[in-house]
2 protein chains.
Amino acid sequence: MIDRKKKMMIDAKAKILKALAHPTRIMIIEKLSEDGECCVCELVELANADFSTVSKHLTVLKQAGIVSDDKRGQQVFYTLQMPCAVRFMDCLESVIKSGVKSQMEMLK
Amino acid sequence: MIDRKKKMMIDAKAKILKALAHPTRIMIIEKLSEDGECCVCELVELANADFSTVSKHLTVLKQAGIVSDDKRGQQVFYTLQMPCAVRFMDCLESVIKSGVKSQMEMLK
DNA sequence: CGAATATTTGGCTATTATACCAAATAAGCA
DNA sequence: TGCTTATTTGGTATAATAGCCAAATATTCG
């Protein structure tokens, strides 16, 4: 069994991970990491999806504390607030690449 | 726009993140990290869920390359294969804790 | 003020995930 | 062989997600 405090921590982690677990949101995060803050319209172009769709993805990221927003004029600019998310993505990238490599080894 | 290779990498990352993004699976991963390999029955006890439910969670983790399994006798033992996942969980833990702290600051 | 632009919200549908139960499979033992 | 234990698989009901369109909101500018 597991105590309540631990359970809450696990649920909090799950919430963040769920927010990260979507291709469009990953693209957004990586873009924000590379370019710094972006307005929604830039991210719409990147994601090649509906404006409303991207806006909803950004809401998910914001509610998980992964990005923050700042309205200036008509535009809203989003900024990455969780650098360790990107570090983890990079780690995943090397895991995936080495996985592919070892799969290719098996095929020999 | 984004090229096909990049898109595939992003989808692969999303797949792994999706596999991580469930409280029961997080519990399993942390347990495997602390205790080393475990049989399914130990994880059932931990998760306080149906045997079949836990088994399906383990299948998700295995298909994402996060754990591996080894059948010995009647039991199947699962082992964590992605240590950086746990490192990221730890990072999340400190992000969550500092978030709670800064929220409490705001309440003062 | 009224039009134009940027973004969010509401509503709907289609797809996907989750949990449990029951049944199937597999291994070890009497 | 037949029984028990450990685990997986199939079926199904329910809930959560994702995407698009249309409408609402907010801001700037003429």
Side-chain angles (χ1 to χ4, degrees), chain A residues 1-2 7 10-29 31-32 35 37-80, chain B residues 1-2 7 10-29 31-32 35 37-80:
Chain A
M1 283 296 159
I2 204 159
K7 178 64 181 146
I10 285 173
D11 287 344
K13 289 177 188 173
K15 186 186 162 189
I16 295 173
L17 284 163
K18 235 180 352 180
L20 294 172
H22 189 286
T24 299
R25 295 197 287 264
I26 293 173
M27 277 200 289
I28 290 172
I29 289 167
K31 166 93 169 155
L32 292 178
D35 295 11
E37 68 170 17
C38 293
C39 67
V40 182
C41 54
E42 288 175 275
L43 301 170
V44 166
E45 197 182 349
L46 170 83
N48 196 31
D50 200 85
F51 226 107
S52 66
T53 301
V54 172
S55 176
K56 279 173 186 173
H57 282 305
L58 287 165
T59 302
V60 172
L61 291 172
K62 193 170 74 172
Q63 287 190 343
I66 297 164
V67 303
S68 64
D69 62 344
D70 178 28
K71 179 156 197 171
R72 293 203 297 275
Q74 308 169 258
Q75 290 178 304
V76 180
F77 293 88
Y78 281 85
T79 308
L80 188 63
Chain B
M1 283 297 159
I2 203 158
K7 176 66 182 146
I10 284 174
D11 287 345
K13 289 178 189 173
K15 187 187 162 190
I16 295 174
L17 284 164
K18 236 181 348 181
L20 295 173
H22 188 286
T24 299
R25 295 197 288 265
I26 293 173
M27 277 200 288
I28 290 172
I29 290 168
K31 165 94 169 157
L32 292 177
D35 295 9
E37 68 170 18
C38 293
C39 68
V40 182
C41 52
E42 289 176 275
L43 301 171
V44 167
E45 197 182 348
L46 171 82
N48 195 31
D50 200 86
F51 225 107
S52 67
T53 301
V54 172
S55 177
K56 278 173 186 171
H57 282 304
L58 287 165
T59 301
V60 171
L61 290 172
K62 193 171 75 172
Q63 287 190 344
I66 298 165
V67 303
S68 64
D69 61 344
D70 178 27
K71 179 156 198 172
R72 293 202 297 275
Q74 308 169 257
Q75 291 178 305
V76 180
F77 292 88
Y78 281 85
T79 308
L80 189 64

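Below, all heavy atoms of this structure are taken into account, side chains as well, without hydrogens, waters or symmetry copies. In what follows, chains carry the letters A, B, and so on, assigned in the order in which the sequence lines appear, proteins first and then strands, with residues in each chain numbered from 1.
Here dT4(D) presents its P atom at 18 Å from CZ of Phe51(B), a figure rounded to the nearest Å. For the pair Glu45(B) CD and dT7(D) P, the interatomic distance rounds to 12 Å; values are reported in whole Å. We find that CZ of Phe77(B) is positioned 12 Å from P of dT8(D), with the value rounded to whole Å. For Gln75(B) and dT8(D), the CD to C1' distance is 15 Å, given to the nearest whole Å.
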Letter by letter from the 5' end, nucleotides 21-30 of chain D scores (B base, S sugar-phosphate only, - none; protein heavy atoms under 4.0 Å) BB---SBS--
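OP1 or OP2 of dT8(C) sits under 4.0 Å from a side-chain N or O of Tyr78(A). Taking 4.0 angstrom as the limit, His57(A) places none of its side-chain polar atoms (N or O) nearer than this to OP1 or OP2 of dT17(D). Residue His22(B) places none of its side-chain N or O atoms closer than 4.0 Å to OP1 or OP2 of dA16(D).
Remark: Lys18(A) in residues 10-19 of chain A come within less than 4.0 Å of DNA chain D through at least one heavy atom.
Going from atom CG of Leu80(B) over to atom NZ of Lys31(B) covers 13.5 Å, rounded to the nearest 0.5 Å. For the atom pair Arg25(B) CZ and Lys18(B) NZ, the distance stands at 10.0 Å (nearest 0.5 Å).
Annotation: side chain of Val76(A) is not in contact with side chain of Cys39(A) (no heavy-atom distance under 4.5 Å). Proximity of Ile16(B) to Ile66(B): side-chain heavy atoms (C-beta onward) are separated by under 4.5 Å at one or more points. Inter-residue side-chain proximity for Gln75(B) and Val40(B) is flagged as unmet; no heavy-atom pair is nearer than 4.5 Å.
Residue pairs meeting the salt bridge (charged side-chain N to carboxylate O under 4.0 Å, His left out) criterion with at least one member in residues 51-65 of chain B, sequence neighbours excluded, are Lys62(B)-Asp69(B).
Salt bridge Glu37(B)/Arg72(B): present, at least one basic N to carboxylate O contact under 4.0 Å. A salt bridge links Asp11(B) with Lys7(B); the closest basic N to acidic carboxylate O contact falls under 4.0 Å.
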Determine whether Leu32(A) and Thr79(A) satisfy the following criterion, side chain to side chain contact (heavy atoms under 4.5 Å, CB included), listing intermediate values before the conclusion. CA-CA 6 Å; Leu32(A) 292 178; Thr79(A) 308; over 6 Å; no
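Closest to the side chain of Val40(A), out of dT8(C), dT7(D), dC20(C), is dT8(C).
Toward the 5' end of DNA chain D, the nearer of the two residues Val44(B) and Arg25(A), judged by each one's closest nucleotide, is Val44(B).
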